[in-house]
Amino acid sequence: MDDDADSRAALAEALREGGYVVETAADAFKGLGKLPDFAPDLVLTDLKMPGMDGLELLRKIHSGGNDLAVVVTTAFADVETAVTALKEGAADYLTKPLDLTVLSVVVAREMDRLRLRREAGLLRARLAERYSFSNLVGSSPAMQNVLKVLPQVAASKASVLVTGEPGTGKELLATTIHEHSPRAKEPFLKLHCAALAEPLLGSELFGHESDASQGNPGRREGRLQQAAGGTLFLDEISAIPPALQVRLVRFLREHAFERMGGEETLHADVRVIAASDHNLHEEVVRGSFREDLFYQLNVVNLELPPLRARPSDILALAMHFLRKYGAEDGKTLEGFSDEAMQRLAAYEWPGNVRELENAVAHAVVLASGPRVTAMDLPPSVGPAPVGTAGIRIPGSKMEDIERHAILTTLEATRGSTTKAAEVLGMSVRTIQYRLQQYHSAPKSELHMPAVLPKRPD
Ligand SMILES: Nc1ncnc2c1ncn2[C@@H]1O[C@H](COP(=O)(O)OP(=O)(O)OP(=O)(O)O)[C@@H](O)[C@H]1O
Ligand SMILES: [Mg+2]
């Protein structure tokens with residue numbers, strides 16, 4: 001866009017010769033009008049134009065959610081405005097009079113970057129679609145590792161041990177496994193092993209015979225019987241006392257058990273999913289957890305990574321909870337302000353997904369719309385530290401977009417610079433050089449926990 005007809009025509013001609021499809025407009029209003037139908041990949045605009053200037057146009061383009069590059073042109077004397085344009089998200093600026101060679105290099109480079117960005121986005125969307133489970137949000141490679149084995153895990157009857165820090169979604173994962181299993185229509189029962197003392201826990205799990213002296217007037221069915229045909233979720237399994245561990249091992253081996261205080265051997269077809277936020281193997285080594293029980297439970301181990309190890313899930317989860325709590329509160333909130341997003345992305349989330357869920361629920365109550373602002377978030381979700389190299393949302397500076405592309409691609413390639421170089425069309429050396437530059441970036445961005453189903457000995 002340029003208000004000077006001659007320079008407009010000359011530029012269009014030069015770009016068409018370069019093989020591009022070009023539309024021109026005499027001012028920003030006309031240009032904006034052409035955007036929906038023409039849907040360009042790149043907009044080249046003068047900064048000084050009558051009516052709406054280039055900066056205003058740039059803001060309008062970005063606020064319209066258009067994924068395109070804007071290159072601004074400016075008189076040599078007005079570099080300051082050009083710098084402002086860069087800050088506001090312009091891809092680059094060129095000084096007038098334009099050098100056509102420089103122009104073609106810049107345009108070609110921007111088209112390349114745009115293509116890579118779209119490919120990376122597509123790749124990610126395709127992955128996410130492949131392993132999506134209605135309520136389980138997670139397109140990060142770390143979560144995809146868990147989600148991609150879910151169909152097989154759900155189809156099987158094998159015991160599952162779900163491990164992960166508090167609030168990482170262990171119970172949700174157990175529920176999802178049951179819901180996608182052939183047992184979905186049968187009961188899904190839960191028992192929290194740390195919530196009850198030994199005698200009670202025993203009778204909750206296995207049931208008990210009537211024993212008036214123990215204050216048990218009638219015979220009682222345990223969860224194992226109640227869950228027959230279905231799934232039993234044993235939460236915080238590390239808290240189960242030794243005597244009950246022995247009984248549970250027997251049940252897992254033979255599907256047989258006796259009620260507490262009873263002699264009769266009962267059978268029940270129950271699949272067991274256990275959860276722990278402790279490292280059970282360490283407890284085995286320390287002697288507080290039976291090794292045979294560990295192996296009976298650990299036929300499949302699903303490890304849920306902490307949220308700080310999968311930063312690319314934060315915003316998707318935040319949007320998921322925003323919709324959930326917004327709907328409950330009857331508020332239609334569009335999303336988060338840039339600053340709010342930055343805070344969410346920069347925070348460490350020691351309480352994992354549960355803490356994020358609570359933060360969003362809190363924000364929804366306070367938000368007056370249309371977007372959740374940083375002020376609506378709980379103060380514990382502290383301000384993003386200034387000047388750190390944390391990933392920012394693409395759409396600001398080109399370096400930020402490049403950094404975002406490199407880091408998320410590395411995440412997707414599980415740290416392989418060779419594969420990332422291939423995806424991004426960059427050299428391995430450039431990526432390595434950039435990584436050195438990002439040296440101060442949080443390590444968690446590149447941390448990739450492995451999820452391997454383990455077989456019993
Ligand atoms: N991937 C996810 N997608 C959507 N919601 C999630 C996800 N992970 C966790 N949540 C939500 O976060 C909250 C905490 O999850 P959950 O109770 O399953 O965690 P947990 O690992 O069992 O925690 P704890 O160890 O403290 O019992 C729940 O409301 C759950 O629905
Ligand atoms: Mg739980």
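Read the numbers this way: they start at 1 and go in the same order the structure lists the ligands and their atoms.
- Put simply, no part of Gly164 is less than 4.0 Å from ligand 1, judged by heavy atoms.
- The side chain of Leu317, and not its backbone, has at least one atom closer than 4.0 Å to an atom of ligand 1 (non-hydrogen atoms only; side chain from C-beta on).
- Against a heavy-atom cut-off of under 4.0 Å, Leu136 is close to the following atoms of ligand 1: 1 (N), 2 (C), 3 (N).
- No side-chain heavy atom of Val70 sits under 4.5 Å from any side-chain heavy atom of Leu57.
- Looking only at protein heavy atoms, the nearest one to atom 15 (O) of ligand 1 is Gly169 CA, 3.6 Å.
- In this structure, a donor-acceptor pair under 3.5 Å is absent between the side chains of Asn135 and Thr176.
- Summary of contacts: the protein heavy atom closest to atom 11 (C) of ligand 1 is Glu357 OE1, 3.4 Å.
- Within ligand 1, the atoms closer than 4.0 Å to a non-hydrogen atom of Asn135 are 3 (N), 4 (C), numbered from 1 in the order shown.
- Looking at atom 20 (P) of ligand 1, its nearest protein heavy atom turns out to be Lys170 N, 3.5 Å.
- No side-chain N or O of Asn352 forms a donor-acceptor pair with one of Thr168 less than 3.5 Å apart.
- The heavy-atom pair separating Thr265 from His267 by the smallest distance is CG2-NE2, 4.1 Å.
- Counting protein heavy atoms only, atom 26 (O) of ligand 1 is closest to Arg354 NH1, 2.8 Å.
- Looking at Asn352, Leu172, Leu356 and measuring to atom 6 (C) of ligand 1, the nearest heavy atom belongs to Leu172.
- For the side chain to side chain donor-acceptor pair (under 3.5 Å) with Glu204, the qualifying choice from Gln226, Arg223, His192 is Arg223, the only one to do so.
- The nearest heavy-atom contact from the protein to atom 3 (N) of ligand 1 is Val137 N, 2.9 Å.
- Side chains of Thr332 and Glu334: a donor-acceptor N/O pair is absent below 3.5 angstrom, by distance only.
- Closest to atom 22 (O) of ligand 1 among all protein heavy atoms lies Glu171 N, 3.2 Å.
- The aromatic rings of Tyr325 and Phe321 lie tilted to each other, with the angle between the two planes from 30° to 60°.
- Remark: ligand 1 and Thr168 share an N or O pair separated by less than 3.5 Å (distance only, no angle test).
- Ion pairing between Glu258 and Arg250 holds under the 4.0 Å rule for side-chain N and carboxylate O.
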- Item | Verdict with reasoning, Glu56 to Lys60, per salt bridge (charged side-chain N to carboxylate O under 4.0 Å, His left out) | CA-CA 6 Å; Glu56 183 70 35; Lys60 286 238 155 62; 3.3 Å; yes
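- The nearest heavy-atom contact from the protein to atom 23 (O) of ligand 1 is Gly167 N, 2.8 Å.
- The protein heavy atom nearest to atom 10 (N) of ligand 1 is Val353 CG1, 3.3 Å.
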